[in-house]
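For reference, the structure is listed below as structure tokens.
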Amino acid sequence: MAPTLLKVEGLTKRFGDRVAVAGCSLTIAEGEIVVIIGPSGCGKTTFLRCINRLEAPTAGSVVLRDEPIGGQMRDGRWRPFTESELASQRRRIGFVFQRFNLFNHLSALDNVAIGPHRVLGRPLAEARRIAAGQLERVFLAEHLQKRPAQLSGGQQQRVAIARCLAMTPELMLFDEPTSALDPELVGEVLDVMKGLAQERMTMVVVTHEMGFARQVADRVIFMDAGAFIEEAPPEQFFSTPREERTRRFLSRLLR
């Protein structure tokens, strides 16, 4: 059994009277790939954002390799970490968003190198060597000097993935990384993610790409109304789902 990398217990997030995430728990082993699916607005993105503390949970805990994320108990009271401490923790968790969030005035190479250089303190030449290696990893070795406007959407998303990988994260979070892409560009991003899965990069992926979930996931989770409704290996999840709500969702999605 691989060691536990991520443990989420009772995660809850409220926005006023609305409960976006309702007491969700999840344990992920090192090298495991978990895919979360569900209807729009069901809390999937908020769950991811709570993992790396882009959103502060209302209740519950997140532990990455035995280290609590966001704060710790001290003298019987919860002490939130400072922004500097949170930033240090977030470096361990890569987050690929729906939108690419690249710097338009920088080349692909420098969009990836900026993290190792400015955040990790690597000399610029070393940071660029790291960036070039990660861009080659996502099949962009011929596009190092291009700016985002010169790249397709799929290429920009692959730059965003390389930017995360350059920080050597322990965990990668993907929030519908293909949803902003034209259909013909989806495959090139999924191919990169499949490659990471083959390398056993630990990943939590929110997606509507059911073929990817079938092929790559170790587990698939169906989320609805802020709660985890069903969880199973992909073969079981897609062929014989237990819950009626899961069956209804899949019947609409796969018909």
Side-chain angles (χ1 to χ4, degrees), residues 1-14 18-55 57-65 69 93-98 169-179 189-190 193-194 196-197 200-254:
M1 290 289 291
T4 296
L5 178 68
L6 179 72
K7 189 169 187 178
V8 181
E9 291 189 319
L11 189 68
T12 299
K13 177 63 181 180
R14 296 186 180 89
R18 183 174 72 85
V19 179
V21 181
C24 292
S25 298
L26 176 64
T27 299
I28 299 180
E30 200 171 288
E32 191 173 13
I33 295 96
V34 174
V35 171
I36 303 176
I37 68 172
S40 297
C42 72
K44 306 183 299 293
T45 293
T46 302
F47 179 77
L48 289 190
R49 290 174 63 87
C50 285
I51 289 177
N52 78 336
R53 215 71 179 188
L54 288 175
E55 295 282 356
T58 307
S61 64
V62 178
V63 176
L64 181 67
R65 209 184 293 278
I69 300 297
I93 305 173
F95 200 125
V96 179
F97 300 87
Q98 296 178 31
E170 300 171 58
L171 171 69
M172 286 284 285
L173 307 177
F174 292 85
D175 182 21
E176 298 190 20
T178 61
S179 65
V189 173
L190 293 181
M193 295 171 64
K194 290 173 185 176
L196 295 178
R200 301 314 297 176
M201 167 68 74
T202 312
M203 300 192 290
V204 183
V205 182
V206 167
T207 185
H208 291 296
E209 300 293 338
M210 296 301 102
F212 174 84
R214 285 178 184 269
Q215 183 177 350
V216 172
D218 295 300
R219 282 183 285 156
V220 181
I221 295 173
F222 174 59
M223 188 174 188
D224 192 26
F228 289 170
I229 305 299
E230 183 164 353
E231 174 183 333
E235 301 83 0
Q236 176 185 332
F237 184 91
F238 288 107
S239 62
T240 56
R242 299 186 311 272
E243 302 295 330
E244 174 60 25
R245 180 66 186 92
T246 310
R247 290 194 290 270
R248 290 202 310 271
F249 177 79
L250 290 176
S251 69
R252 289 199 300 269
L253 201 64
L254 301 176

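All values derive from a computational prediction rather than experimental measurement.
- F222 pairs by the ring pair (Phe, Tyr, Trp, His ring centres under 6.0 Å) definition with F249, not counting sequence neighbours.
- Residues meeting the side chain to side chain donor-acceptor pair (under 3.5 Å) test with K194, sequence neighbours left out: Q215.
- Residues H208 and I37 have side chains not in contact (no heavy-atom distance under 4.5 Å, counting atoms from C-beta outward).
- Note that the CD1 atom of I93 and the OG1 atom of T202 stand 11.5 Å from one another [nearest 0.5 Å].
- A heavy-atom distance below 4.5 Å is found between the side chains of F212 and V205.
- Residues I69 and V63 fail the side-chain proximity criterion, which asks for heavy atoms closer than 4.5 Å.
- By the side-chain contact (heavy atoms from CB on, under 4.5 Å) test, E244 is found to be paired with R247, R248, residues two or more places apart in sequence or in another chain being considered.
- Taking both residues in full, the closest heavy atoms of A217 and V35 are given as CB-CG2, 3.6 Å, listed atom of the first, atom of the second, then distance.
- Between V62 and L6 there is a side-chain heavy-atom pair separated by less than 4.5 Å.
- P57 pairs by the side-chain contact (heavy atoms from CB on, under 4.5 Å) definition with L11, C50, R53, not counting sequence neighbours.
- One N or O on the side chain of K44 and one on the backbone of G38 form a donor-acceptor pair closer than 3.5 Å.
- Under the ring pair (Phe, Tyr, Trp, His ring centres under 6.0 Å) criterion, F237 pairs with no residue, sequence neighbours left out.
- Between M203 and L196 there is a side-chain heavy-atom pair separated by less than 4.5 Å.
- Residues that satisfy the side chain to side chain donor-acceptor pair (under 3.5 Å) test with E9, not counting sequence neighbours, are absent from this structure.
- Scored by the side chain to side chain donor-acceptor pair (under 3.5 Å) test, S179 finds Q98 as partners (sequence neighbours excluded).
- Here the OG1 atom belonging to T246 is positioned 11.5 Å from the CD1 atom belonging to I221, to the nearest 0.5 angstrom.
- Considering only residues two or more places apart in sequence or on other chains, D175 meets the salt bridge (Lys or Arg N to Asp or Glu O under 4.0 Å) condition with none of them.
- Listed by chain and number, the residues in a side chain to side chain donor-acceptor pair (under 3.5 Å) with R14 amount to none (sequence neighbours excluded).
- Rounding to the nearest 0.5 Å gives a distance of 4.5 Å between CG of L173 and CG of L171.
- Checked by atom type and distance alone, the side chain of T207 pairs as donor or acceptor with a backbone atom of E209 at under 3.5 Å.
- In terms of heavy-atom proximity, P241 sits nearest to S239 at CD-C, 3.6 Å.
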Which donor-acceptor pairs under 3.5 Å do the side chains of residues 25-33 make with protein atoms, sequence neighbours left out?
| residue | atom | partner | partner atom | Å |
| --- | --- | --- | --- | --- |
| S25 | OG | G10 | N | 2.9 |
| E30 | OE1 | R65 | NH1 | 2.6 |
| E30 | OE1 | R65 | NH2 | 3.4 |
| E32 | OE1 | A29 | N | 2.9 |
| E32 | OE1 | R219 | NH2 | 3.1 |
| E32 | OE2 | R219 | NE | 2.7 |
| E32 | OE2 | R219 | NH2 | 3.1 |

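- With sequence neighbours excluded, the residues satisfying side-chain contact (heavy atoms from CB on, under 4.5 Å) with R242 are E230, Q236.
- For G94 against P169, the heavy-atom pair with the smallest separation is N-CB, 3.5 Å.
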Salt bridge (Lys or Arg N to Asp or Glu O under 4.0 Å), that's the test. Do D218 and R200 meet it? Break it down for me.
CA-CA 11 Å; D218 295 300; R200 301 314 297 176; 2.9 Å; yes
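- Distance check, rounded to the nearest 0.5 Å: CG of L54 to CG of L48 gives 10.0 Å.
- The structure places CZ of R245 at 4.0 Å from CG of D224, a figure rounded to the nearest 0.5 Å.
- Rounded to the nearest 0.5 angstrom, M223 CE and I229 CD1 are separated by 9.0 Å.
- Residue pairs that meet the ring pair (Phe, Tyr, Trp, His ring centres under 6.0 Å) test with at least one member in residues 20-50, sequence neighbours left out, are F47-F228.
- When all heavy atoms of G226 and C24 are compared, the pair lying nearest together is O-SG, 3.3 Å.
- Under the 4.5 Å side-chain criterion, counting only non-hydrogen atoms from C-beta, F238 is in contact with L250.
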